Amino acid sequence: MIFILPLLAVLIGYLIAKFLKPSSSSTFKLLLSFSGAYLLSVTVFELLPEVYEHSGKEIGVFILLGLLFQIILEFISKGLEHGHMHHNPNTQQFPLMLLVSLGIHSLLEGFPLNESSHLLYGVAIHKIPVAAILSIFLFNSKIGNIKAFLFLLLFALMTPLGSWLKLQFEFIQTYAAYLNAIVIGVFLHISTTILFEASKNHKFNASKLGVIILGIILAYFM
Ligand SMILES: [Zn+2]
Ligand SMILES: [Zn+2]
(Lines give C-alpha, C1' and ligand atoms only; values in the text may rest on other atoms or scores of the structure.)
(Ligands and ions follow the chains in the order given, each with its own letter.)
Protein backbone atom coordinates (compact mmCIF):
# COMPACT_ATOMS: atom_id res chain seq x y z
CA MET A 1 0.00 0.00 0.00
CA ILE A 2 2.70 2.50 0.94
CA PHE A 3 4.35 1.96 -2.44
CA ILE A 4 1.20 1.82 -4.55
CA LEU A 5 -0.85 4.76 -3.27
CA PRO A 6 1.75 7.49 -4.01
CA LEU A 7 2.23 6.05 -7.53
CA LEU A 8 -1.51 5.90 -8.05
CA ALA A 9 -1.82 9.53 -6.93
CA VAL A 10 0.60 10.68 -9.63
CA LEU A 11 -1.32 8.68 -12.24
CA ILE A 12 -4.63 10.25 -11.13
CA GLY A 13 -3.02 13.69 -11.23
CA TYR A 14 -1.80 13.03 -14.75
CA LEU A 15 -5.27 11.89 -15.87
CA ILE A 16 -6.87 14.97 -14.32
CA ALA A 17 -4.42 17.13 -16.24
CA LYS A 18 -5.17 15.29 -19.45
CA PHE A 19 -8.94 15.19 -19.32
CA LEU A 20 -9.99 18.13 -17.17
CA LYS A 21 -8.81 21.70 -17.11
CA PRO A 22 -7.55 22.01 -13.54
CA SER A 23 -6.35 25.59 -13.73
CA SER A 24 -9.85 26.92 -14.34
CA SER A 25 -11.74 24.33 -12.34
CA SER A 26 -13.14 25.23 -8.95
CA THR A 27 -13.36 21.53 -8.06
CA PHE A 28 -9.61 21.37 -8.48
CA LYS A 29 -9.14 24.29 -6.11
CA LEU A 30 -11.39 22.56 -3.59
CA LEU A 31 -9.28 19.41 -3.89
CA LEU A 32 -6.18 21.50 -3.26
CA SER A 33 -7.70 23.13 -0.17
CA PHE A 34 -8.86 19.76 1.12
CA SER A 35 -5.39 18.26 0.63
CA GLY A 36 -3.84 21.16 2.57
CA ALA A 37 -6.28 20.86 5.46
CA TYR A 38 -5.96 17.08 5.66
CA LEU A 39 -2.16 17.12 5.53
CA LEU A 40 -1.94 19.85 8.16
CA SER A 41 -4.34 17.98 10.43
CA VAL A 42 -2.53 14.65 10.18
CA THR A 43 0.73 16.48 10.90
CA VAL A 44 -0.71 18.18 13.99
CA PHE A 45 -2.69 15.17 15.28
CA GLU A 46 -0.15 12.40 14.70
CA LEU A 47 3.33 13.35 13.53
CA LEU A 48 3.89 16.29 15.84
CA PRO A 49 2.98 14.67 19.21
CA GLU A 50 4.96 11.57 18.23
CA VAL A 51 8.31 13.34 17.74
CA TYR A 52 7.91 15.32 20.97
CA GLU A 53 7.27 12.15 22.94
CA HIS A 54 10.91 11.13 22.92
CA SER A 55 12.71 14.42 22.73
CA GLY A 56 12.63 17.96 24.00
CA LYS A 57 13.15 21.37 22.57
CA GLU A 58 15.97 20.38 20.23
CA ILE A 59 13.64 18.37 17.99
CA GLY A 60 11.88 21.66 17.25
CA VAL A 61 15.08 22.89 15.62
CA PHE A 62 14.73 20.11 13.04
CA ILE A 63 11.08 21.02 12.41
CA LEU A 64 12.11 24.59 11.66
CA LEU A 65 15.02 23.37 9.54
CA GLY A 66 12.52 21.38 7.49
CA LEU A 67 10.38 24.46 7.07
CA LEU A 68 13.39 26.51 5.96
CA PHE A 69 14.50 23.73 3.65
CA GLN A 70 11.10 23.68 1.93
CA ILE A 71 11.23 27.47 1.48
CA ILE A 72 14.57 27.03 -0.29
CA LEU A 73 13.22 24.17 -2.43
CA GLU A 74 10.37 26.40 -3.54
CA PHE A 75 12.77 29.01 -4.87
CA ILE A 76 13.56 26.34 -7.45
CA SER A 77 10.15 24.73 -7.89
CA LYS A 78 8.28 28.07 -7.80
CA GLY A 79 5.67 26.71 -5.44
CA LEU A 80 4.69 23.57 -7.30
CA GLU A 81 4.49 21.55 -4.08
CA HIS A 82 1.68 23.74 -2.85
CA GLY A 83 -0.23 23.97 -6.06
CA HIS A 84 0.92 26.40 -8.70
CA MET A 85 3.55 27.03 -11.27
CA HIS A 86 5.35 30.07 -12.65
CA HIS A 87 7.81 28.40 -14.98
CA ASN A 88 8.30 29.50 -18.53
CA PRO A 89 6.21 27.07 -20.60
CA ASN A 90 8.32 27.70 -23.71
CA THR A 91 11.41 26.16 -22.26
CA GLN A 92 13.12 23.54 -24.42
CA GLN A 93 15.60 22.55 -21.77
CA PHE A 94 14.91 19.62 -19.51
CA PRO A 95 13.98 21.20 -16.15
CA LEU A 96 16.62 19.32 -14.20
CA MET A 97 16.68 21.60 -11.16
CA LEU A 98 12.91 21.31 -10.87
CA LEU A 99 13.25 17.54 -10.89
CA VAL A 100 15.96 17.72 -8.23
CA SER A 101 13.93 19.96 -5.91
CA LEU A 102 10.69 17.99 -6.34
CA GLY A 103 12.68 14.76 -6.02
CA ILE A 104 14.21 15.74 -2.66
CA HIS A 105 10.81 16.88 -1.40
CA SER A 106 9.15 13.63 -2.49
CA LEU A 107 11.94 11.44 -1.13
CA LEU A 108 11.64 13.12 2.28
CA GLU A 109 7.89 12.65 2.45
CA GLY A 110 8.34 8.95 1.73
CA PHE A 111 10.26 8.36 4.97
CA PRO A 112 7.47 8.50 7.61
CA LEU A 113 4.79 6.76 5.51
CA ASN A 114 5.17 3.37 7.19
CA GLU A 115 4.19 4.87 10.52
CA SER A 116 0.66 6.08 9.90
CA SER A 117 -1.97 5.18 7.35
CA HIS A 118 -3.50 8.65 7.75
CA LEU A 119 -0.22 10.16 6.73
CA LEU A 120 -0.12 7.86 3.71
CA TYR A 121 -3.56 9.10 2.64
CA GLY A 122 -2.52 12.69 3.34
CA VAL A 123 0.57 12.46 1.17
CA ALA A 124 -1.31 10.64 -1.60
CA ILE A 125 -4.09 13.25 -1.68
CA HIS A 126 -1.51 16.04 -1.64
CA LYS A 127 0.27 14.44 -4.60
CA ILE A 128 -2.77 14.45 -6.90
CA PRO A 129 -2.97 18.24 -7.49
CA VAL A 130 0.84 18.51 -7.55
CA ALA A 131 1.08 15.81 -10.23
CA ALA A 132 -1.74 17.45 -12.21
CA ILE A 133 -0.01 20.84 -12.24
CA LEU A 134 3.32 19.25 -13.02
CA SER A 135 1.79 17.31 -15.93
CA ILE A 136 0.22 20.43 -17.40
CA PHE A 137 3.56 22.21 -17.27
CA LEU A 138 5.55 19.29 -18.70
CA PHE A 139 3.24 18.47 -21.57
CA ASN A 140 2.79 22.13 -22.51
CA SER A 141 6.53 22.72 -22.50
CA LYS A 142 8.68 22.02 -25.51
CA ILE A 143 10.82 19.30 -23.99
CA GLY A 144 8.93 16.55 -25.82
CA ASN A 145 6.57 13.86 -24.60
CA ILE A 146 9.21 11.23 -23.88
CA LYS A 147 11.17 13.50 -21.58
CA ALA A 148 7.95 14.69 -19.98
CA PHE A 149 6.95 11.09 -19.21
CA LEU A 150 10.43 10.35 -17.92
CA PHE A 151 10.27 13.36 -15.61
CA LEU A 152 6.87 12.31 -14.30
CA LEU A 153 8.01 8.72 -13.78
CA LEU A 154 11.10 9.75 -11.80
CA PHE A 155 8.97 12.15 -9.76
CA ALA A 156 6.46 9.36 -9.05
CA LEU A 157 9.16 6.93 -7.93
CA MET A 158 10.82 9.21 -5.37
CA THR A 159 8.27 8.85 -2.54
CA PRO A 160 8.15 5.03 -2.74
CA LEU A 161 11.97 5.12 -2.88
CA GLY A 162 12.01 7.10 0.39
CA SER A 163 9.69 4.58 2.06
CA TRP A 164 11.78 1.69 0.75
CA LEU A 165 15.08 3.18 1.97
CA LYS A 166 13.54 3.70 5.40
CA LEU A 167 12.48 0.04 5.66
CA GLN A 168 15.76 -1.20 4.21
CA PHE A 169 18.41 0.69 6.14
CA GLU A 170 18.67 0.61 9.87
CA PHE A 171 20.62 3.86 10.20
CA ILE A 172 17.68 5.74 8.70
CA GLN A 173 15.44 4.25 11.38
CA THR A 174 17.91 5.34 14.05
CA TYR A 175 17.47 8.94 12.96
CA ALA A 176 13.78 8.55 12.18
CA ALA A 177 12.65 11.11 14.78
CA TYR A 178 14.91 13.80 13.28
CA LEU A 179 13.88 12.95 9.74
CA ASN A 180 10.23 12.99 10.76
CA ALA A 181 10.78 16.40 12.36
CA ILE A 182 12.20 17.73 9.08
CA VAL A 183 9.21 16.29 7.19
CA ILE A 184 6.86 17.95 9.72
CA GLY A 185 8.49 21.30 8.89
CA VAL A 186 8.03 20.63 5.17
CA PHE A 187 4.35 19.70 5.67
CA LEU A 188 3.66 22.67 7.93
CA HIS A 189 5.04 24.99 5.28
CA ILE A 190 3.22 23.54 2.27
CA SER A 191 -0.10 22.92 3.99
CA THR A 192 -0.34 26.36 5.57
CA THR A 193 0.72 27.97 2.28
CA ILE A 194 -2.05 26.08 0.47
CA LEU A 195 -4.62 27.32 3.00
CA PHE A 196 -3.17 30.83 2.95
CA GLU A 197 -3.24 31.06 -0.83
CA ALA A 198 -6.67 29.44 -1.02
CA SER A 199 -8.44 32.46 0.38
CA LYS A 200 -7.92 34.94 -2.38
CA ASN A 201 -8.44 38.50 -1.11
CA HIS A 202 -9.92 36.87 1.99
CA LYS A 203 -13.29 36.64 0.33
CA PHE A 204 -15.70 34.31 2.07
CA ASN A 205 -16.12 31.04 0.23
CA ALA A 206 -18.48 28.56 1.87
CA SER A 207 -17.47 25.48 -0.12
CA LYS A 208 -13.77 26.13 0.46
CA LEU A 209 -14.35 26.54 4.18
CA GLY A 210 -16.47 23.38 4.05
CA VAL A 211 -13.75 21.19 2.54
CA ILE A 212 -11.17 22.58 4.97
CA ILE A 213 -13.38 21.63 7.94
CA LEU A 214 -14.05 18.26 6.30
CA GLY A 215 -10.31 17.67 5.97
CA ILE A 216 -9.78 18.38 9.67
CA ILE A 217 -12.67 16.14 10.77
CA LEU A 218 -11.64 13.23 8.54
CA ALA A 219 -8.04 13.41 9.75
CA TYR A 220 -9.24 13.30 13.36
CA PHE A 221 -11.84 10.55 13.20
CA MET A 222 -10.89 8.23 10.35
ZN1 LIG B 1 2.56 29.89 -3.75
ZN1 LIG C 1 4.84 16.68 -1.39
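Numbering of ligands and ligand atoms starts at 1, following listing order. We number each residue from 1, following the sequence as shown. The structure presented is a predicted model; accordingly, all values stated were derived computationally and were not measured.
Every side chain to side chain donor-acceptor pair (under 3.5 Å) that S116 has, sequence neighbours left out, goes to E46.
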Next item on the list: Dump the intermediate steps for side-chain contact (heavy atoms from CB on, under 4.5 Å) on S35 and I194, then the final yes or no.
Entry: CA-CA 9 Å; S35 75; I194 289 170; 4.2 Å; yes
Check: Run the side-chain contact (heavy atoms from CB on, under 4.5 Å) check on L138 and I143 step by step: do they pass?
Finding: CA-CA 7 Å; L138 289 172; I143 61 168; 4.0 Å; yes
Can you list, pair by pair, the side-chain donor-acceptor contacts under 3.5 Å of residues 56-76, counting residues two or more places apart and other chains?
| from | atom 1 | to | atom 2 | distance (Å) |
| --- | --- | --- | --- | --- |
| Q70 | OE1 | H105 | ND1 | 2.9 |
| Q70 | NE2 | E74 | OE2 | 2.9 |
| Q70 | NE2 | E81 | OE2 | 3.2 |
| E74 | OE1 | H82 | ND1 | 3.1 |
| E74 | OE1 | H189 | NE2 | 3.2 |
| E74 | OE2 | H82 | ND1 | 3.3 |

With a cut-off of 3.5 Å and sequence neighbours excluded, list every side-chain donor-acceptor pair involving residues 144-161.
| from | atom 1 | to | atom 2 | distance (Å) |
| --- | --- | --- | --- | --- |
| T159 | OG1 | S106 | O | 2.9 |
| T159 | OG1 | K127 | NZ | 3.0 |

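E74 lies apart from the Zn ion (ligand 1) in this respect, since none of its N, O or S atoms is found at a distance under 2.8 Å.
Between atom NE2 of residue H126 and atom CD1 of residue I190 there is a gap of 3.5 Å, rounded to the nearest 0.5 Å.
For the Zn ion (ligand 2), protein N, O or S atoms under 2.8 Å: 4 in total.
Our summary of the site lists the angle at the Zn ion (ligand 1) between NE2 of H82 and OE2 of E197 as 110°, to the nearest 10 degrees.
The environment of Y178 atom OH is sparse: at most 12 non-hydrogen atoms of other residues, nucleotides or ligands sit within 6.0 angstrom.
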